[in-house]
Amino acid sequence: MRKLPLFGFALLLSQTLPIHHLLAQTKPTSVLSPDKKLQVELFLTQGQLQYRVVYKGKAVVEPSTLGLQVDQQKIGEGRAFGAVKRTSVNETYPWRGVHSKAVNQYNQAIVPVQGSGNTSGFQVETRVFNDGVALRYVVNKTGASTTTADDTRFTLPAGSIVWSQPDIGNYEGKYQKQRIEDVPAGQKAGPPLTVQLPNKQGYVAITEGGLTDFAGMSLVAEGQRVFKAHLTGDTKKTGSVETPWRIIEVGSDLNTLVNCDIVHNVSPKPDPKLFPQGLATSWIKPGKSVWSWLAGNGGVTFENMKRFSQWAGQLGIQYNLVDEGWSRWNDGGKDPWALLQELVTYSDAQKVKVWVWKAYPDHDGTPGLKDPTARKAFFKRCKDTGVVGLKIDFFDTESQEIIDFYQAALHDAAELQLMLDFHGANKPTGESRTWPNELSREGVRGLENATVWPAHNATLPFTRYLAGHGDYTPLTFRDIGKGTTFAHQMASLATFTSPFLCVAANPEDMLASKAKDLIVNMPTVWDETIVLPASEIGTLSLLARRSGTTWYLAALNGEKAQSVAVDLGFLGTGSYQAATLADEAGNPKADAIQKSSVSKKSKLTLKLVEGGGYLGRFTKE
């Protein structure tokens with residue numbers, strides 16, 4: 001009789017036998033979510049640790065291997081489970097992003113696995129939330145060790161649809177939609193990977209959290225509906241090896257995924273000495289910024305940056321981001337730092353604060369920030385000059401060296417009360433919980449790529465932004481936005497979450513626009529976000545977002561015109577003054593603002609053109 005491969009045997013059993021029969025022989029360990037709808041099962045099959053995730057009685061991750069490779073040993077082979085330690089947590093904490101209060105409720109099991117043969121023992125920590133699962137490995141070591149691979153696999157159900165992007169360095173790939181059966185072996189995916197389950201069962205998203213001193217995890221397809229974890233290089237540790245958390249978000253709808261808190265829940269809490277009020281620490285100030293790089297209104301010269309600060313002051317925008325080029329200023333024979341000090345002083349008079357750009361590596365004849373002494377000296381000089389934040393660029397990988405740099409830079413910046421924004425960077429993994437001074441990071445194919453795809457924009461809220469904030473640099477009046485309407489561009493401001501909201505538009509265009517009031521009063525953090533039911537990945541992003549008592553309705557349409565009915569039932573009681581910007585057929589630059597009075601009983605019909613959008617602000621009367 002021809003033997004099935006181990007994986008195929010487990011999969012065959014999972015399809016033909018009840019759960020209890022399948023796993024009874026392996027004495028499985030199960031962990032239920034607090035609401036008992038989600039379950040993780042850990043089991044040993046012929047000495048190999050495996051798991052599966054079951055939601056409402058159906059597998060959303062089918063039997064898949066768990067394990068690491070540490071010092072040439074395969075951690076994941078075992079004889080039996082040891083005594084399981086179980087705990088539960090139910091807490092909330094202030095948050096900054098899609099909502100202002102994070103929910104951290106889960107049941108946890110710490111499962112020791114006794115090694116087999118020459119392999120070491122280890123443990124798997126499993127947390128099961130109502131909206132997902134987090135797993136990590138802890139390997140007891142005493143000396144130096146090198147982790148060379150992560151053997152965690154994710155086997156998706158037949159008939160699933162996946163959205164992924166292939167850039168595992170800068171995370172700036174364009175998303176593609178595929179049937180899981182059509183994903184070829186070797187295809188790379190930078191998380192989050194989003195999955196629509198078959199038969200309207202719901203959605204899954206795979207990513208990681210709590211990445212602090214390890215190589216980052218991307219995914220690589222193995223064929224047969226399997227994605228495997230892929231580490232960006234080796235990880236060297238001394239003592240116990242604790243991996244970041246491998247996260248599987250699960251929900252019946254897109255609203256559940258967008259509001260999932262697991263990525264930051266599993267990340268370390270902030271140091272109260274550095275952040276005495278946590279996110280509310282006084283020197284951490286979310287806000288909008290003008291930015292000359294894509295504005296099409298002059299370069300990064302000293303005099304032009306003064307103009308941008310003046311315009312920011314006229315707009316009531318808090319920041320001016322001075323990008324690459326300032327370190328070569330020499331106006332009047334003055335050195336760049338003296339001129340930067342003059343700019344800061346001038347900007348202060350406009351009630352505008354200054355951020356500056358800096359490369360992580362040596363760049364264009366200027367030393368980078370790799371050396372700790374040089375980094376601290378540069379940060380200190382920025383602080384002494386009055387700069388409040390830095391945009392640090394050109395990481396281009398998520399190796400352990402880069403991950404360690406993020407932690408060190410955020411710490412050094414926090415000691416000097418500086419805010420940071422990382423560009424040319426990987427996806428967020430909860431850093432902004434540990435370090436509230438990280439106000440944004442790129443890790444997204446944004447407007448800087450100069451070509452806009454409406455379907456890409458309508459995909460991002462349900463893929464990349466599941467990981468956390470993203471510096472897309474939204475809004476342009478220029479031809480780089482060709483293919484989208486002005487309403488689409490405006491709606492992107494309210495869709496792409498970034499507490500440091502760097503606006504790409506020319507300030508003079510903003511000052512002259514009929515939409516000026518909507519732009520300058522746009523929130524950068526939100527109290528509540530609701531994904532409305534008409535949303536469909538790549539086709540339509542339709543979000544209702546609340547700041548205080550004011551609600552915004554933002555629609556990003558994909559590549560086909562459509563008419564969408566919207567119920568304003570998300571509004572509170574009483575009447576609201578509406579200011580709305582909608583598409584006009586044949587006029588992609590339409591910017592007329594309509595005023596009306598609405599209530600929670602009102603219904604709207606959005607007539608969205610190809611690449612169109614809608615932005616509505618509803619202010620409580």
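Put simply, the side chain of Asp151 never gets that close to the backbone of Gly76: no donor and acceptor are under 3.5 Å apart. With hydrogens and angles disregarded, no donor-acceptor distance shorter than 3.5 Å links the side chain of Thr495 to the backbone of Leu556. Looking at Asn426, its side chain never comes within 3.5 Å of a backbone N or O of Glu398 through a donor-acceptor pair. In this structure, Asn259 contributes its side chain and Thr529 its backbone to a donor-acceptor pair below 3.5 Å. The main-chain N or O of Leu501 is never found under 3.5 Å from a side-chain atom of Thr524 such that the two would form a donor-acceptor pair. Side chain of Thr281 to backbone of Gln277: a donor-acceptor contact under 3.5 angstrom is found. Side-chain N or O atoms of Arg96 include one that pairs as donor or acceptor with a backbone N or O of Pro436 at under 3.5 Å. Looking at Arg545, its side chain does come within 3.5 Å of a backbone N or O of Ala494 through a donor-acceptor pair. For the pair Thr385 (side chain) and Val344 (backbone), a donor-acceptor distance under 3.5 Å is absent. Asp71 places a side-chain N or O within donor-acceptor distance of the main-chain N or O of Thr146, the cut-off being under 3.5 Å.
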Residues Tyr360, Phe394; criterion ring-ring contact (aromatic ring centres under 6.0 Å, His included); working and verdict: CA-CA 6 Å; Tyr360 161 72; Phe394 298 147; 10.0 Å; no
Side chain to side chain donor-acceptor pair (under 3.5 Å) between Ser440 and Ser498, worked out: CA-CA 6 Å; Ser440 197; Ser498 182; 2.8 Å; yes
Please report the C-alpha distance between Asp271 and His411 in whole Å, then the side-chain angles of each, then the deciding distance to 0.1 Å, and finally whether the side chain to side chain donor-acceptor pair (under 3.5 Å) criterion is met. CA-CA 10 Å; Asp271 182 346; His411 177 272; 5.9 Å; no
Evaluate the criterion side chain to side chain donor-acceptor pair (under 3.5 Å) for residue pair Trp435 and Gln407; output intermediate values, then yes/no. CA-CA 8 Å; Trp435 308 102; Gln407 299 292 312; 2.9 Å; yes
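Within the 4.5 Å cutoff, the side chain of Ile284 has heavy atoms near those of the Leu439 side chain. Proximity of Val354 to Val388: side-chain heavy atoms (C-beta onward) are nowhere separated by under 4.5 Å. Two residues are said to be in side-chain contact when any heavy atoms from C-beta on lie closer than 4.5 Å; Arg381 and Trp337 meet this criterion. Side-chain contact between Ser492 and Asn457: absent, with no pair of heavy atoms (C-beta onward) separated by less than 4.5 Å. Considering only heavy atoms from C-beta on, Glu438 stays 4.5 Å or farther from Asp421 through its side chain. Inter-residue side-chain proximity for Val444 and Asp471 is flagged as unmet; no heavy-atom pair is nearer than 4.5 Å. Side-chain contact between Pro166 and Lys174 is absent, with no heavy atoms from C-beta onward closer than 4.5 Å. Side-chain contact between Asp335 and Asn330 is absent, with no heavy-atom pair separated by less than 4.5 Å.
Thr463 and Pro192 get closest at one heavy-atom pair: O-CG, 3.3 Å. Gly368 and Ala374 get closest at one heavy-atom pair: O-CB, 4.5 Å. When every heavy atom of Asp150 is checked against every heavy atom of Lys228, the shortest pair comes out as O-NZ, 2.7 Å. The shortest non-hydrogen separation linking Glu208 to Arg246 is OE1-NH1, 3.0 Å. Annotation for Gly470 and Arg464: closest pair CA-NH2, 3.2 Å, computed over non-hydrogen atoms. Considering every non-hydrogen atom in both Val352 and Asn320, the closest pair reads CG1-N, 3.7 Å.
Of the charged side-chain nitrogens involved, none lies within less than 4.0 Å of a carboxylate oxygen, so that Arg375 and Asp371 do not count as a salt-bridged pair. One finds a salt bridge joining Lys334 and Glu342 here, because a Lys/Arg side-chain nitrogen approaches an Asp/Glu carboxylate oxygen to under 4.0 Å. At a threshold of 4.0 Å, the pair Lys237-Asp213 counts as salt-bridged, since one of the basic side-chain nitrogens sits closer than that to a carboxylate oxygen. A salt bridge links Lys353 with Asp348: at least one charged nitrogen is closer than 4.0 Å to a carboxylate oxygen.
Under a cutoff of 6.0 Å and an axis angle of 45°, Lys427 and Tyr171 do not form a cation-pi pair. The cationic atom of Lys391 (NZ for Lys, CZ for Arg) does not lie both less than 6.0 Å from the six-membered ring centre of Phe422 and within 45° of the ring axis. The cationic group of Arg441 lies under 6.0 Å from the six-membered ring centre of Tyr406 and within 45° of the ring axis, placing it in a cation-pi geometry. By the 6.0 Å and 45° rule, Arg433 stacks over the aromatic ring of Tyr93.
Side-chain contact, Glu442 with Asn170: no donor N or O sits under 3.5 Å from an acceptor N or O. Using modelled atom types, one finds a donor on one side chain and an acceptor on the other under 3.5 Å when comparing Asp261 with His99. Checking Tyr175 against Thr194 by side-chain atom types alone, no donor-acceptor pair falls below 3.5 Å. In summary, the side chains of Thr147 and Thr235 do not present any donor paired with an acceptor at a separation below 3.5 Å, with no hydrogens or angles considered. At a cut-off of 3.5 Å, with distance as the only test, no side-chain donor of Thr366 or Asp364 sits close to an acceptor on the other residue. For the residue pair Glu172/Gln165, the side-chain donor-acceptor check at 3.5 Å is not satisfied.
Between Phe154 and Phe227, the distance separating the two ring centers is not shorter than 6.0 angstrom. The aromatic ring centroids of Phe302 and Trp329 lie less than 6.0 Å from each other. The aromatic ring centres of His264 and Trp95 sit less than 6.0 Å apart. For Phe462 and Tyr203, the gap between ring centers reaches or exceeds 6.0 Å.
Between Tyr106 and Phe129, the two ring planes are tilted [angle within 30° to 60°]. The aromatic rings of Trp453 and His456 sit perpendicular to each other, their planes meeting at more than 60°, with 30° as the lower class boundary. Taking the six-membered ring where the residue is Trp, Tyr319 and Trp355 present perpendicular rings, their angle passing 60° and hence far from 30°. In this structure, Phe496 and Tyr465 have parallel ring planes: the angle between them is below the 30° cut-off, well short of the 60° mark.
Atoms CZ and OG1, on Phe378 and Thr373 in that order, are 15.0 Å from each other to the nearest 0.5 Å. Summarising the geometry, atom CZ belonging to Arg136 is positioned 11.5 Å from atom CD1 belonging to Ile247; distances are rounded to the nearest 0.5 Å. For the atom pair CD of Gln489 and CG of Leu475, the computed distance is 6.0 Å after rounding to the nearest 0.5 Å. Taken from CH2 in Trp326 to CH2 in Trp357, the straight-line distance is 10.0 Å, to the nearest 0.5 Å. Rounding to the nearest 0.5 angstrom, the gap separating the CG atom in Leu219 from the OG atom in Ser164 is 9.0 Å. In this structure, the separation between OG on Ser432 and CG on Leu279 is 7.5 Å, given to the nearest 0.5 Å.
The only option from Asp323, Val503, Asn506 that meets the side chain to side chain contact (heavy atoms under 4.5 Å, CB included) definition with Trp291 turns out to be Asp323.
Within 6.0 Å of atom NZ in Lys383, more than 12 heavy atoms from other residues, nucleotides or ligands are found, so the atom counts as buried in its surroundings.
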